[in-house]
Every structure is written in structure tokens, then in C-alpha cells.
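Single-structure report; data block below.
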Amino acid sequence: MCSKIIRYFNIIFTIMLFVSCQDANDDVLLLDNATDNQSITDHGLDNGLVFPTEIDSLKQTEVYEINTLDDLMIPMQKADSVFKIALENGNFVYKPSPRSNISRASSSKHIEYERYPLVMGDDSLHQAMFFKSKFSSTVVNLINARVDKNHRLSTGTTYCCYWYVYYHRVKLEKNQKFGKVASPKCALQPETRSSYIDRGYQKTEKTQNDGTKLVELYSYELYILYKEKNPPTRLDIYYPFVLDSPSQGYEFIYNILTL
């Protein structure tokens with residue numbers, strides 16, 4: 001497991017063999033309600049994800065036509081079906097963000113932040129998070145309005161993407177119950193009944209042998225890695241990304257009722 005984590009943190013050196021060098025300050029994020037960019041090194045996993053073998057395997061990956069943001073549900077739910085198996089097996093590395101000050105409107109309301117995405121525990125799970133997409137003019141215009149002119153997307157072009165998973169864990173005593181609360185500053189929900197992509201999280205509950213419960217919350221962030229051409233053109237665009245001041249990460253809000 002340690003070797004896998006080390007490998008993920010050193011991916012940048014492999015990527016630089018395939019893309020032209022650029023200063024770290026040129027990294028671009030797709031931000032919500034923000035006017036400034038943030039270094040990708042603040043995102044938790046340094047500068048990249050792609051190995052040469054993954055570039056080769058992505059050539060065979062299905063290309064999704066993303067005409068509206070709703071269409072992101074298709075590749076996201078495909079990744080989610082794989083991640084649910086990982087939830088059952090605990091097949092990932094969870095690095096909790098440093099505990100922030102908890103804001104409580106009452107004694108039971110919690111507002112917590114997760115800044116770092118999960119590191120997937122095996123190659124098959126990691127690989128399942130990759131997909132390729134082509135964006136319609138509607139989505140291209142939405143993204144281009146937020147990014148640097150040198151990193152703008154275009155229609156008719158294939159982009160290689162990845163799903164980051166943000167995760168928060170809550171432990172409940174026997175006399176406690178969990179209450180989900182709308183979290184509009186979280187990442188994307190993998191399941192929604194709305195006609196658009198919702199911000200928020202999904203949850204699972206596991207009863208432990210001692211009667212306590214483990215509640216697992218998770219949400220997805222779209223990462224557009226690079227434009228598929230030879231050599232690949234690196235982009236590093238995220239959707240969505242909330243830039244707080246100081247940056248705290250994605251926001252998970254919930255209630256805990258103690259009986």
C-alpha cells in the first residue's frame with residue numbers, strides 16, 4: 001500500500017515526459033464564485049495522475065458526449081458503481097483534512113470540510129475513475145468563462161478526465177442518529193433526482209459489531225486532465241471547486257441527533 005501512495009505522489013515526473021513544461025502558477029482551476037487561481041499542489045495529490053500505461057489504456061476508453069452537465073451523470077454513475085464495491089471493502093486510503101472549526105447552528109449541526117481526495121487502493125479502482133469526453137458548445141462556453149485563455153476547451157475535441165472522490169467519515173454511538181443536510185458547497189452527487197447536477201453528497205451506513213454505526217459520506221469532482229492529441233496538452237481543470245479564504249475544501253453538512 002505504501003508503494004502505491006508513493007507512486008501517486010510522484011506521477012508528475014512521468015507526466016512531464018509527455019507535456020511541455022509550465023510553471024506551477026499556470027495551473028488552472030474551474031472555480032465557483034472565485035476570482036483567483038490556486039496551485040494544484042494545494043489540491044492534495046500534487047500535480048497529476050497519468051502513467052504512460054494509462055495513456056495507452058485511455059485510448060480504448062469509451063468517449064462520452066457531454067451536451068449538458070446532466071450528461072456527466074452517465075460516466076459518474078459508472079465510476080460510482082465501482083466505488084461502492086470499494087466502500088464495502090475499504091479499498092482506499094483516507095487522509096482526513098486537518099480538523100477545522102466546527103460551525104454549529106445548534107448542538108447537533110456539523111459543518112465539516114474535506115480538502116484531500118481519496119487515493120484509490122488498487123489499480124483497477126483507480127483505472128475505473130478515468131473516462132474520455134467531448135463537450136458541447138454549451139458546456140464549453142460554461143467552462144471557458146472560468147479558465148485561462150490558454151487552457152480553453154473546444155468542441156469536437158476529446159478530453160481525458162478523471163473522477164476524484166471526496167470522503168468524510170462519521171462514527172455514531174448507539175443512541176445517535178444521522179441527519180443529511182443540503183450541502184451546496186460540496187462536490188457533485190453521484191445520484192440525484194433533479195434535472196441538473198446537484199452539489200452535495202451520498203451516504204452509506206454500516207452497523208458495527210458493538211452496535212455503533214459508521215456513516216460514510218462521499219462526493220465527486222470532475223478533473224479534466226488533458227486534451228487528447230500527440231503530445232497530450234495538459235489542462236488541469238476542476239469542476240466544481242470552492243475556493244474559500246483560507247481554502248478549507250468541500251463542505252459536508254449534517255445533523256447528529258442524540259437520543
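Just so it is clear, the values below take in all heavy atoms, side chains as well, and ignore hydrogens, waters and symmetry mates. Note that the numbering runs from 1 along the sequence shown for the chain.
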Problem - Worked check of side chain to side chain contact (heavy atoms under 4.5 Å, CB included) between T68 and T138 - result: CA-CA 7 Å; T68 68; T138 300; 5.5 Å; no
Exercise for the section: Using the test salt bridge (charged side-chain N to carboxylate O under 4.0 Å, His left out), find all partners of K213 that sit at least two apart in sequence or belong to another chain. Expected result: E205
Practice task
May I have the step-by-step check of side chain to side chain contact (heavy atoms under 4.5 Å, CB included) for F135 and I224, ending in yes or no?
Solution key: CA-CA 11 Å; F135 299 105; I224 305 175; 4.0 Å; yes
To the nearest 0.5 Å, how far apart are [atom1] in [X] and [atom2] in [Y]?
X    : Y    : atom1 : atom2 : result
E251 : K185 : CD    : NZ    : 6.0 Å
E228 : T157 : CD    : OG1   : 10.5 Å
F178 : S108 : CZ    : OG    : 11.5 Å
N255 : K180 : CG    : NZ    : 13.0 Å
R199 : S219 : CZ    : OG    : 8.0 Å
K134 : T158 : NZ    : OG1   : 4.0 Å

Where do [X] and [Y] come nearest, in terms of heavy atoms and distance?
X    : Y    : answer
S154 : Y159 : N-OH, 2.7 Å
S136 : T155 : C-CG2, 3.8 Å
Q189 : G200 : CG-C, 3.3 Å
M76  : Y220 : SD-CB, 3.5 Å
L153 : N144 : N-OD1, 2.7 Å

Practice task
Take F92 and Y94 through the ring pair (Phe, Tyr, Trp, His ring centres under 6.0 Å) test and state the conclusion after the steps.
Solution key: CA-CA 6 Å; F92 51 80; Y94 173 43; 7.4 Å; no
Exercise for the section: Kindly indicate whether the side chain of Y201, heavy atoms from C-beta on, has any atom under 4.5 Å from the side chain of E114. Expected result: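 The answer is no; the side chains never approach within 4.5 Å.
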Practice task
Determine whether L188 and W163 make a side-chain contact, defined as any pair of heavy atoms from C-beta on separated by less than 4.5 Å.
Solution key: yes
Handout entry: side chain to side chain contact (heavy atoms under 4.5 Å, CB included) partner of C161, chosen from L222, I66, L72
Key = L222
Problem - Residue that, paired with Q176, satisfies side chain to side chain contact (heavy atoms under 4.5 Å, CB included) out of T212, V170, T258 - result: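 Among T212, V170, T258, the one that satisfies the side chain to side chain contact (heavy atoms under 4.5 Å, CB included) with Q176 is T258.
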Exercise for the section: Just do the side chain to side chain contact (heavy atoms under 4.5 Å, CB included) check on V139 and D71 with the steps written out, would you? Expected result: CA-CA 10 Å; V139 178; D71 296 329; over 6 Å; no
Handout entry: E216/Y167 under side-chain hydrogen bond (donor to acceptor under 3.5 Å, both in side chains): CA gap, chis, key distance, verdict
Key = CA-CA 7 Å; E216 296 175 291; Y167 171 93; 2.6 Å; yes
Exercise for the section: Step by step, work out the side chain to side chain contact (heavy atoms under 4.5 Å, CB included) result for V165 and M120. Expected result: CA-CA 9 Å; V165 183; M120 299 308 170; 3.4 Å; yes
Handout entry: Under the side chain to side chain donor-acceptor pair (under 3.5 Å) test, residues paired with S124 that sit two or more places apart
Key =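 Here the qualifying residues are D122.
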Exercise for the section: Let me know which of F83, F252, Y166 forms a ring pair (Phe, Tyr, Trp, His ring centres under 6.0 Å) with Y218. Expected result: F83
Handout entry: Aromatic ring pairing Y223/Y238, orientation class (parallel under 30°, perpendicular over 60°, tilted between)
Key = parallel
Exercise for the section: Over 60° means perpendicular and under 30° means parallel, so classify the ring planes of Y254 and H110, tilted if in between. Expected result: parallel
Practice task
Determine which pairs satisfy salt bridge (Lys or Arg N to Asp or Glu O under 4.0 Å) with at least one residue from residues 167-177, sequence neighbours left out, and list them in order.
Solution key: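 Found none.
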Same apolar cluster (I L V M F W Y, side chains within < 4.5 Å links), [X]/[Y]:
X    : Y    : value
F130 : I74  : yes
I111 : V181 : yes
V63  : L225 : no

